[in-house]
Amino acid sequence: MYRLLFSLVLRHLDPERIHHLTIRALALLSVLPVVKKLLHRTLAPSDPALRVSAFGVHFPSPFGLAAGFDKDAACAEALSALGFGHVEVGTVTAHAQPGNPRPRLFRVTEDRAVINRMGFNNAGAPAAARRLRRTRGVPAIVGVNIGKTKVVPESEAADDYVTSAKELAPLADYLVVNVSSPNTPGLRNLQAVELLRPLLAAVKQVADSTPRRTPLLVKIAPDLADDDVDAVADLALELGLDGIIATNTTIRHSGETGGLSGRPLKARSVEVLRRLRARVGDRLTLVSVGGVENVDDVWERLLAGATLVQGYTAMIYGGPLWAHSLHRDLSRRLKRHGVKSVTEVIGRTAP
């Protein structure tokens with residue numbers, strides 16, 4: 001039914017307008033406790049074989065929603081009720097900002113892809129913190145992805161990230177430093193190890209000081225050279241980070257200016273994951289994102305060494321029940337292979 005709706009109606013409408021209407025509907029669902037609990041009971045992953053632990057956090061499944069959808073932490077509970085094992089909100093910046101001029105979101109329907117140049121449009125860390133302080137009516141694992149405020153110069157980036165971390169780290173199940181979006185000028189420069197080291201060290205100090213010690217991860221771009229991927233991996237080990245999320249969107253495409261996500265990103269995302277696993281083994285939690293569409297993609301990432309897998313773009317084409325369907329398929333595959341726990345699959349084909 002959703003595919004027909006998308007083909008006949010949604011694909012012809014402005015994608016950002018549809019996105020905002022969806023967020024509003026899910027935000028309304030988040031404050032309807034009876035409906036929310038009913039959906040969670042029906043759609044959330046409940047198979048014990050899907051449970052996985054990473055950096056001290058217990059996840060109901062390895063598959064969750066990537067950052068970029070719920071930028072302001074407006075509807076994480078509703079998204080969990082729709083079947084995501086975890087929800088990563090953001091990217092949140094220390095200060096509110098409108099993002100880049102419209103149009104800034106484009107579907108590439110023939111490739112089941114999206115190009116965005118949103119530019120971290122969000123209401124700022126204090127606003128996100130207020131929403132995250134609300135009592136959760138359904139179980140939800142919520143990660144928070146933080147980025148640099150556009151007007152802050154590179155020389156003050158670490159302080160800007162620290163400001164966000166102080167607001168949000170105590171409220172997050174895990175915290176992600178995003179230095180890999182292509183839509184904030186100069187942001188990807190921060191992936192250079194000499195700039196990244198002091199930034200991550202400063203944020204880690206904040207994350208380590210929270211009452212429960214908030215796990216800290218860094219999110220990298222698919223466009224990094226292999227040697228730079230290795231350098232970031234080594235730095236993450238050196239600083240004692242909890243994990244790496246690979247990868248963000250790519251600028252290597254011929255469409256509109258911005259970052260491309262979806263099916264075309266699949267091969268490079270897997271390639272970076274395999275390289276990271278070969279470099280760090282199981283000493284870091286690896287989270288794979290980029291071109292994840294179905295159970296085959298999740299299975300491949302798990303075998304290659306990802307403990308957690310994320311998706312987003314495919315939901316635009318697959319609809320609100322996408323995560324629930326994917327978890328159902330993953331449970332069936334585990335049973336078909338005689339696997340009692342998804343943890344037995346992780347890293348099985350990794351070098």
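These numbers were taken from a predicted model, which means no experiment stands behind them.
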For the residue pair Glu154 and Asn189, establish whether any side-chain heavy-atom pair is separated by less than 4.5 Å.
yes
Looking at every non-hydrogen atom in both residues, tell me the closest pair between Ala304 and Leu273 and how far apart they are.
CB-CD2, 3.7 Å
Could you tell me if the side chain of Val142 sits less than 4.5 Å from the side chain of Arg136, heavy atoms only?
yes
Phe84 and His327: CA distance, side-chain angles, deciding distance, ring-ring contact (aromatic ring centres under 6.0 Å, His included) verdict:
CA-CA 9 Å; Phe84 288 98; His327 281 124; 7.8 Å; no
Is there a side-chain contact between Ser288 and Val270 in this structure, where contact means two heavy atoms from C-beta onward sitting under 4.5 Å apart?
no
How long is the gap from CD1 on Ile316 to CZ on Arg112, to the nearest 0.5 Å?
10.0 Å
Kindly compute the distance separating CD1 (Ile115) from OG1 (Thr250), expressed to the nearest 0.5 Å.
10.5 Å
Would you please classify the geometry between the Phe63 ring and the Trp322 ring as parallel, tilted or perpendicular, with 30° and 60° separating the classes?
perpendicular
For Tyr161 against Ile146, the heavy-atom pair lying closest together:
CE2-O, 3.4 Å
Spacing of CZ belonging to Arg102 relative to CZ belonging to Arg117, to within rounding of 0.5 Å
12.5 Å
With heavy-atom distances below 4.5 Å as the criterion, would you say the side chains of Tyr317 and Arg263 are in contact?
no
Check the orientation of Phe55 and Tyr174. Use parallel for under 30°, tilted for 30 to 60°, and perpendicular for over 60°.
tilted
For residues Phe120 and Asn178, determine if any side-chain heavy atom of one lies less than 4.5 Å from a side-chain heavy atom of the other.
yes
Considering non-hydrogen atoms only, spot the tightest contact between Ala140 and Ser80 and give its length.
CB-OG, 3.3 Å
Looking at CD1 of Ile141 and CG of Leu65, how far apart are the two atoms once the value is rounded to the nearest 0.5 Å?
14.0 Å
In the structure I gave you, are the side-chain heavy atoms of Arg104 and Asn121 within less than 4.5 Å of one another anywhere?
yes
Euclidean distance, Leu326 CG relative to Leu321 CG, rounded to 0.5 Å:
12.5 Å
Where is the tightest heavy-atom contact between Asp223 and Ile251, given as atom of each residue plus distance?
OD2-N, 3.0 Å
Do Asp160 and His95 touch side chain to side chain, with heavy atoms closer than 4.5 Å?
yes
Step by step, work out the salt bridge (charged side-chain N to carboxylate O under 4.0 Å, His left out) result for Arg279 and Asp226.
CA-CA 11 Å; Arg279 192 77 175 184; Asp226 287 347; over 6 Å; no
Assigning hydrophobic clusters by single linkage (Ile, Leu, Val, Met, Phe, Trp, Tyr; side-chain heavy-atom cutoff under 4.5 Å), is Leu260 placed with Met315?
no
Hey, any chance Leu105 and Val9 share a hydrophobic cluster, counting ILVMFWY side chains that come within less than 4.5 Å of each other, even indirectly?
yes
Do Asn248 and Ser181 have a side chain donor and acceptor closer than 3.5 Å?
no
Roughly how far, to the nearest 0.5 Å, is NE2 of His337 from CZ of Arg348?
8.5 Å
Is any side-chain heavy atom of Tyr2 closer than 4.5 Å to a side-chain heavy atom of Leu10?
yes
Closest approach of Ala73 to Val89 (non-hydrogen atoms, all atoms of both residues)
CA-CG1, 3.9 Å
